[in-house]
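The next block holds one structure in the form of structure tokens; read it before the comments.
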Amino acid sequence: MKISLGPLLYYWPRQRTLDFYVEVAASPDIDIVYVGETVCSRRHELRLEDWLGVAARIEDAGKEAVLSTQTLIESESDLKTLRRIVETEPLRVEANDMGAVRLLAAIGRSDWIAGPTLNVFNPTTLALLSAEGASRWMAPPEMAGDNIIALRADMAATPIETEIFAYGRLPLAYSARCFTARHHNLQKDACEFRCIEDADGILLRTREGEPFLTLNGIQTQSARVYNLLADLARIEGNAEILRISPQSEHTLEIAALFRAALEKRQTPAEAFEASQRLMPEGPCNGFWYGHAGLEQVAGEASDDAPPLEHALPPSLLQPTSQAAPSGRAPLKTSLLVEDATRSVMPGENHARHAGVHFLPPALREHLAKQLLKLRLPPFTVPGPLARLSTHLPQLPPTLALTSALNLAPESFLPRTALAPLKGRHLCVCVTDAGLKLDFTLGRHERFYPCNPETEADLTISASMRDFIALALREEDADTLFFGRRLRMEGDTSLGVLVKNTLAATEWGASPRSA
């Protein structure tokens, strides 16, 4: 059985990352190495060319290198990178979304790997991916061992390798929002790349102190570490590859323990016991046994092993004196949601970047509070002024908008990505100001006013205050949209295109990053 090292899920400094893979290349215990950015395209310490260089070093060391694709494709720039990856031969590619599958199948590649986020849970799906060229599949981490074994039996006639997630924090979900940025009271597109400060993500705990989740940018992970070392006796013969997910410390020591257990130099129980001092948090293996993922189940070491036992962490079973909502059971695991969303003195970030980090803490806190007052206050355009503007020509404010858009440099507002807007009627409606600005993208990538009497392909509506807050980066479009403060009517795919293009733009001189 082979041991693989999964893609690096965290954001580490460039040199640390390169040094890590030098050690990986020299390790005798790892056979396959997955490289590439799979979580967030804004992470730019290593570009695609750098990852290709890492892959070359891995292959020079006699190991298999695989280039992993991003899980959540959000912009045209993400798609452009994806196209480059699938066309990179002879490296094998791990497809982590169906867009990658389609591109790989379109060029006839038959050597790619179906990644864990494709959610393969039945033989029909796996047979479809195999027919499209997949030669290996990574079982979703939450898939029970019995289900993997049954699926393999159904696919016995299909030559496809099975890889199992055997060690690491479980990747539970991906979101278009960045919870690490929110934790620091920053917007996603002005995140200051804060996730580079947390080599293993940000650990969240319940009010009772139990580890609960880990924030890793747009990815949510388990707090406990999935560890199947003690369960190798049941896994052997039911998979070809075991995957270890990198952690900031002791990754290669963990790989050595897996190798020792596979080669019978240690029993699985001994290797598991030795691994616990190397783990950032306590172990879990509940998913393998079809239980809740955070459980640690006593596995079957032999045929005469005692029955399986499982238990939630004791503190999760103890009642509390917390008052419960009427008609409901007492709340026990009232989670520290504010740990994920609280601000760490919102103004403190601005104070630090203003060069006052050397000041005494009390004075720094006072300055931070004063800076908070600079945020845009709530306001509404006065009714009389709004009623007046509805009777005035809309052309002058529309010309002001289109002129501003035309003056924006390509680096600020990339015209190429906005090409699908050509000839489409767009309308910006400032709801409390009585303004309707109708315009289009015309020849030579320039914006022009258009006839307000024709029906708009896309209408974007918000208050004056919310449009200004968007421009100042005090609000993001997702927050306004889900709060029903920003509305899109008509061809919403155009709205998504605009939002994603702007999200992929580097705002080097935005007010919030100045």
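Heavy-atom basis, side chains included; hydrogens, waters and symmetry copies ignored.
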Is it the case that [X] and [Y] place a side-chain donor and acceptor less than 3.5 Å from each other?
X	Y	result
Ser41	Asp78	yes
Tyr34	Glu94	no
Thr162	Trp137	yes

For [Y], is there any backbone N or O sitting under 3.5 Å from a side-chain donor or acceptor partner on [X]?
X	Y	value
Arg169	Ser245	no
Asn285	Val297	yes
Gln247	Glu249	yes
Asp200	Ser248	yes
Lys63	Ser27	yes
Ser4	Gly6	no
Asn216	Leu9	yes
Asn238	Ile149	no
Thr214	Leu203	no
Arg14	Glu45	yes

Rounded to the nearest 0.5 Å, how far does [atom2] of [Y] lie from [atom1] of [X]?
X	Y	atom1	atom2	result
Arg243	Ile32	CZ	CD1	9.0 Å
Leu213	Leu172	CG	CG	6.5 Å
Glu208	Glu210	CD	CD	8.0 Å
Ile85	Leu103	CD1	CG	10.5 Å
Gln70	Asp97	CD	CG	8.5 Å
Leu242	Leu228	CG	CG	8.0 Å

Show your working on side-chain hydrogen bond (donor to acceptor under 3.5 Å, both in side chains) between Asp146 and Tyr289 and close with a plain yes or no. CA-CA 8 Å; Asp146 285 343; Tyr289 290 95; over 6 Å; no
Assess whether side-chain contact (heavy atoms from CB on, under 4.5 Å) is satisfied between Val54 and Leu46, documenting all intermediate values. CA-CA 10 Å; Val54 171; Leu46 271 70; 4.3 Å; yes
Quick check: do [X] and [Y] have side-chain heavy atoms less than 4.5 Å from each other?
X	Y	answer
Arg43	Cys195	yes
Ile241	Ile3	no
Leu229	Phe258	yes
Arg224	Gln296	no
Asp29	Leu257	no
Ile30	Leu252	yes
Glu163	Arg136	yes
Leu52	Leu91	yes

Taking it one step at a time, do Glu76 and Arg83 satisfy salt bridge (Lys or Arg N to Asp or Glu O under 4.0 Å)? CA-CA 11 Å; Glu76 180 61 35; Arg83 292 191 184 103; 3.4 Å; yes
Specify whether Tyr11 and His44 have parallel, tilted or perpendicular ring planes, treating 30° as the upper limit for parallel and 60° as the lower limit for perpendicular. tilted
Which class fits the ring pair Tyr226 and Phe165: parallel under 30°, tilted 30 to 60°, perpendicular over 60°? tilted
Inspect the contact between [Y] and [X] and indicate whether a charged nitrogen and a carboxylate oxygen are less than 4.0 angstrom apart.
X	Y	answer
Arg47	Glu49	no
Glu281	Arg205	yes
Glu64	Arg92	yes
Glu253	Arg259	no
Glu87	Arg109	no

Heavy-atom closest contact ([X] atom, [Y] atom, distance):
X	Y	value
Ala95	Trp112	CB-CE3, 4.0 Å
Tyr167	Pro280	OH-CD, 4.1 Å
Ala255	Ile244	CA-CD1, 3.5 Å
Ala199	Trp12	O-NE1, 2.9 Å
Cys284	Leu170	SG-CD1, 4.3 Å
Leu186	Cys191	CD1-O, 3.3 Å

Go through it in stages, so that I can follow the logic: the residues are Ser275 and Asn227, the test is side-chain hydrogen bond (donor to acceptor under 3.5 Å, both in side chains), and I'd like the CA-CA distance, side-chain angles, deciding distance and then a yes or no. CA-CA 9 Å; Ser275 73; Asn227 189 338; 3.0 Å; yes
Between Leu262, Asp31, Ile164, which is the residue that forms a side chain to side chain contact (heavy atoms under 4.5 Å, CB included) with Met1? Leu262
Asn122 and side chain to side chain contact (heavy atoms under 4.5 Å, CB included): which partner among Asn119, Thr125, Val120? Thr125
Is the number of heavy atoms from other residues, nucleotides or ligands under 6.0 Å of Arg16 CZ greater than 12?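 Atom CZ in Arg16 is packed in, count exceeds 12.
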Does atom CZ of Arg152 have more than 12 heavy-atom neighbours, drawn from other residues, nucleotides or ligands, at distances under 6.0 Å? yes
Apply side-chain contact (heavy atoms from CB on, under 4.5 Å) to Thr71 and Val39, showing your working. CA-CA 6 Å; Thr71 299; Val39 177; over 6 Å; no
Under the side-chain contact (heavy atoms from CB on, under 4.5 Å) criterion, do Val93 and Val66 qualify, and how do the steps go? CA-CA 6 Å; Val93 173; Val66 179; 5.7 Å; no
Given Leu67 and Leu48, is the side-chain contact (heavy atoms from CB on, under 4.5 Å) satisfied, shown in steps? CA-CA 10 Å; Leu67 199 55; Leu48 179 56; 4.1 Å; yes
